[in-house]
**Student:** 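Right, I'll just put the structure down here and ask away after.
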Amino acid sequence: MRLFIAEKPSLGRAIADVLPKPHKKGDGYISAANGDTVSWCIGHLLEQQQPEAYDPVFKKWSHEHLPIIPQQWKLTVKKQTAKQLGVLRTLIKQAEQLVHAGDPDREGQLLVDEVINFLGVTGAKKSSIQRCLINDLNPSAVKQSISKLRSNREFIPLSTSALARSRADWLYGINLTRAYTLQGQKVGYKGVLSVGRVQTPLLGLVVRRDKAIDAFVSKAFYEVWADLETNNGENFKAKWQPSEQCAKYLDDQGRNLSQALAQNVAGRVSQQPALVKSLKREHKKQAPPLPYNLSSLQIDASKAFGLSAQQVLDICQGLYERYKLITYPRSDSRYLPLSHFGQAKKVHSAILSNSQHLGQQGHVFSQTQFDLKYKSKAWNDKKVDAHHAIIPTEKTSNHLSGNDAKVYALICRNYLAQFLTHHEYYAVRVEVEIAAGLFVAVAKELINEGWRCIFLSRSKTSNQDDNSEATQLLPRLDIGQVLKSLQAEVLEKNTSPPKAYTDGSLLAAMTGISAHVSDPQLRKVLRETDGLGTEATRAGIIELLFTRGFLSRTGKTITSTASGRGLIEALPDVATYPDMTARWESELSAISEGKSQYKKLMCPLEVQLKELIAQSREVLPKGLTGLGKQRFTKKRKSGTKRK
């Protein structure tokens, strides 16, 4: 008997649907006519033991016990899913061949592997386990995945990476949470001060942004705009570029803070001849944005519809599991395998069928001509492994509405954009000299709208300021041409405070973490894919900080609470900046690729923990004095992976 072990029941049912019929449905499994059997986990069936399982003395929280570092790691069966583990125990014993069908990511690999190991599978049965990678729950796609099984041994590094992540997070979280909760009790704080290697640096980002906003003092700055006229009476505007001699009047972004200087320049250049000194007209092409991975989709959905990261993930899970309208949603890839290119006509047809539920966006899709033979850079086998970008499937549905339809439309949009031409334009820059001063005008001359025609939310201009260069069309000019400067204008503007975080900008910060890393050397070596957390965990981490009372949300705006600020102020910088977790993610990526080893992450961590625990005993979190206990108002969903 061949046994498929899926990560969750919905995936198990999708596998069973393509196996020979008739089927026999048992309690926690489905058997096919050819003897193949499908069973499943329900998320994680196992979890790390609590400290007291290693020594009963650890049940009482005390600095004297820290750091707690298990010598032999122990897993325990989750009570709510113990029955399903029993089903798997029986089926695994009966099976001649095992097929690992966990989700195609780091955690999905470990989730099934740990069950197989916990149940004592060894020898030839273990070495012959096959891996089934499913990104699309529609029958044709599932059938194709089953026909392309790989050896599970290929994924040992991926599983090792997830195991290292799980254990390292346990060590870091258990020990520092206990250490700082004990310190908080000394100032009367009633509650748990949860510390995690991802959640705490994320909280640190928000706290530091909030403090920067609070400390911000707006300053006025002054721009000078020349109103230029050709001999033919054509007009355009150009902006003054302060020279090096003006440096003492400028801020660190080159803005002029002196009103007197601006007025002097305006008076000096008004009603004066002007000379075109240089003219650059550059032909530019913009390729369409790639199909989505989860984070990029969450960011765009936050901007467009105000949806939280968790809302988008929940919607995507429904579109994937319930409706089968999209491929695997927890993907970190934005590329597609060449084998999928042949499905473009069917996917396009399905999108048009579903477009009646997509509002104005669907109307645009149906009115646009797509070249389904065109192959964009998104189709790249070298950048696809376990999973690919999130795209629509060949499935049609009559039930889409509300936010489901909105998120589905975004996914369709970025997929269909691959079959449209590049966006083309001329970028024009003109430098004009007036009374020895330099003025610049820039403009964008559209050649071909291309893929942007289906991006309704995108403005055709990048700036709506009346004096913005991007909003004007420049007359035909030549180098050496003489113009007339009419009455120049001084515009007073004010510097703006940093913007408070939203779900979208917080996710962008998590995925582009190198911009927030303080160590310049580390920033250099971080790869584009490194970030805080993973595609599967980021939404949960953000929600966890709300649940624990460290963040609050008003509309789209996310800010830190008094408890969140107090915790960050008490912790050492190494715990509140993303440098350390960025190193972890880089190391975990290297482990998953077989370029590093488990011990290279764990051994230094054990040494660091001892230092951090010693530091914690010297700090009293005075910012938490008198604050109430944390409220855990939201229950964690089964199988949710959080750090």
Side-chain angles (χ1 to χ4, degrees), residues 48-49 51 54-55 58 63-75 106-107 109-110 114 156-180 183 193-205 510 513-514 516-527 529-534 537 541 568 570-619 641-643:
Q48 294 286 350
Q49 285 275 23
Y54 296 96
D55 189 332
F58 293 155
H63 267 297
E64 305 307 319
H65 304 150
L66 305 179
I68 299 169
I69 302 176
Q71 297 306 304
Q72 293 290 329
W73 288 87
K74 299 178 181 180
L75 292 173
R106 185 168 75 189
E107 293 299 324
Q109 184 65 39
L110 176 64
E114 67 184 3
I156 290 175
L158 189 65
S159 192
T160 303
S161 170
L163 182 65
R165 195 281 308 158
S166 174
R167 291 178 177 177
D169 279 340
W170 188 97
L171 285 175
Y172 189 84
I174 289 288
N175 284 291
L176 290 189
T177 295
R178 289 192 172 205
Y180 280 91
Q183 292 302 98
L193 289 173
S194 174
V195 180
R197 63 101 184 176
V198 177
Q199 61 171 289
T200 307
L202 181 62
L203 176 60
L205 288 179
M510 294 177 81
I513 200 58
S514 61
H516 301 272
V517 167
S518 59
D519 181 345
Q521 290 303 116
L522 179 60
R523 196 182 304 126
K524 287 180 182 178
V525 302
L526 281 175
R527 294 174 304 206
T529 52
D530 287 326
L532 276 176
T534 66
T537 62
I541 293 163
I568 293 301
L571 289 165
D573 284 351
V574 69
T576 68
Y577 280 87
D579 299 50
M580 181 191 71
T581 195
R583 287 191 182 92
W584 279 33
E585 290 294 350
S586 186
E587 195 67 54
L588 289 168
S589 293
I591 294 171
S592 69
E593 295 166 4
K595 298 176 182 177
S596 188
Q597 297 176 323
Y598 170 91
K599 63 182 181 181
K600 287 194 71 175
L601 177 70
M602 302 299 286
C603 292
L605 173 60
E606 292 181 10
V607 174
Q608 184 184 31
L609 276 175
K610 294 175 182 178
E611 297 172 354
L612 290 172
I613 296 301
Q615 287 179 346
S616 73
R617 301 190 71 169
E618 299 174 4
V619 176
K641 306 150 190 169
R642 288 177 176 162
K643 302 186 185 96

**Student:** Applying side chain to side chain contact (heavy atoms under 4.5 Å, CB included) to Met602 and Glu587, what does each step give before you reach the verdict?
**Tutor:** CA-CA 10 Å; Met602 302 299 286; Glu587 195 67 54; over 6 Å; no

**Student:** Do the side chains of Arg583 and Asp579 get close enough for a salt bridge, i.e. N-O under 4.0 angstrom?
**Tutor:** no

**Student:** Is there a donor-acceptor pair under 3.5 Å between the side chain of Ser592 and the backbone N or O of Pro157?
**Tutor:** no

**Student:** Hey, could you give me the CZ/CD1 distance between Phe58 and Ile68, rounded to the nearest 0.5 Å?
**Tutor:**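 If I round to the nearest 0.5 Å, the distance is 5.0 Å.
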
**Student:** Quick check: do Leu612 and Tyr172 have side-chain heavy atoms less than 4.5 Å from each other?
**Tutor:**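 Of all side-chain heavy-atom pairs linking Tyr172 with Leu612, at least one is under 4.5 Å.
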
**Student:** When you look at Lys600 and Ile591, which way does the side chain to side chain contact (heavy atoms under 4.5 Å, CB included) test go after all the steps?
**Tutor:** CA-CA 9 Å; Lys600 287 194 71 175; Ile591 294 171; over 6 Å; no

**Student:** What do the steps show when you test Gln608 against Val574 for side chain to side chain contact (heavy atoms under 4.5 Å, CB included), and what is the final call?
**Tutor:** CA-CA 10 Å; Gln608 184 184 31; Val574 69; 3.6 Å; yes

**Student:** Taking atom types as modelled, find out whether Ser616 and Gln183 have a side-chain donor-acceptor pair closer than 3.5 angstrom.
**Tutor:** no

**Student:** How about Thr200 and Ile568: do any of their side-chain heavy atoms sit closer than 4.5 Å?
**Tutor:** yes

**Student:** So does Lys599 pair up with Glu606, basic N to acidic O under 4.0 Å?
**Tutor:**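 No, this pair does not count.
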
**Student:** Let's go through Trp73 and Gln48 carefully: what are the C-alpha distance in whole Å and the side-chain angles of both, what is the deciding distance for side chain to side chain contact (heavy atoms under 4.5 Å, CB included) to 0.1 Å, and is it a yes or a no?
**Tutor:** CA-CA 8 Å; Trp73 288 87; Gln48 294 286 350; 3.3 Å; yes

**Student:** Measure across Ala582 and Ile513 and return the closest heavy-atom pair with its distance rounded to 0.1 Å.
**Tutor:** CB-CG2, 4.4 Å

**Student:** I need the minimum non-hydrogen distance between Ala575 and Leu571, along with the two atoms involved.
**Tutor:**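 Taking every non-hydrogen atom into account, CB-CB, 4.3 Å.
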
**Student:** Taking C-beta and beyond as the side chain, do Thr537 and Val198 meet within less than 4.5 Å on heavy atoms?
**Tutor:** no

**Student:** Run the salt-bridge test on Glu585 and Arg106 with the 4.0 Å N-O cut-off and return the result as yes or no.
**Tutor:**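 Salt bridge between Glu585 and Arg106, a charged N being under 4.0 Å from a carboxylate O: yes.
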
**Student:** Restricting to non-hydrogen atoms, name the atom on Leu601 and the atom on Ala168 that form the minimum distance, rounded to 0.1 Å.
**Tutor:**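 Closest approach of Leu601 to Ala168, heavy atoms only: CD2-CB, 4.1 Å.
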
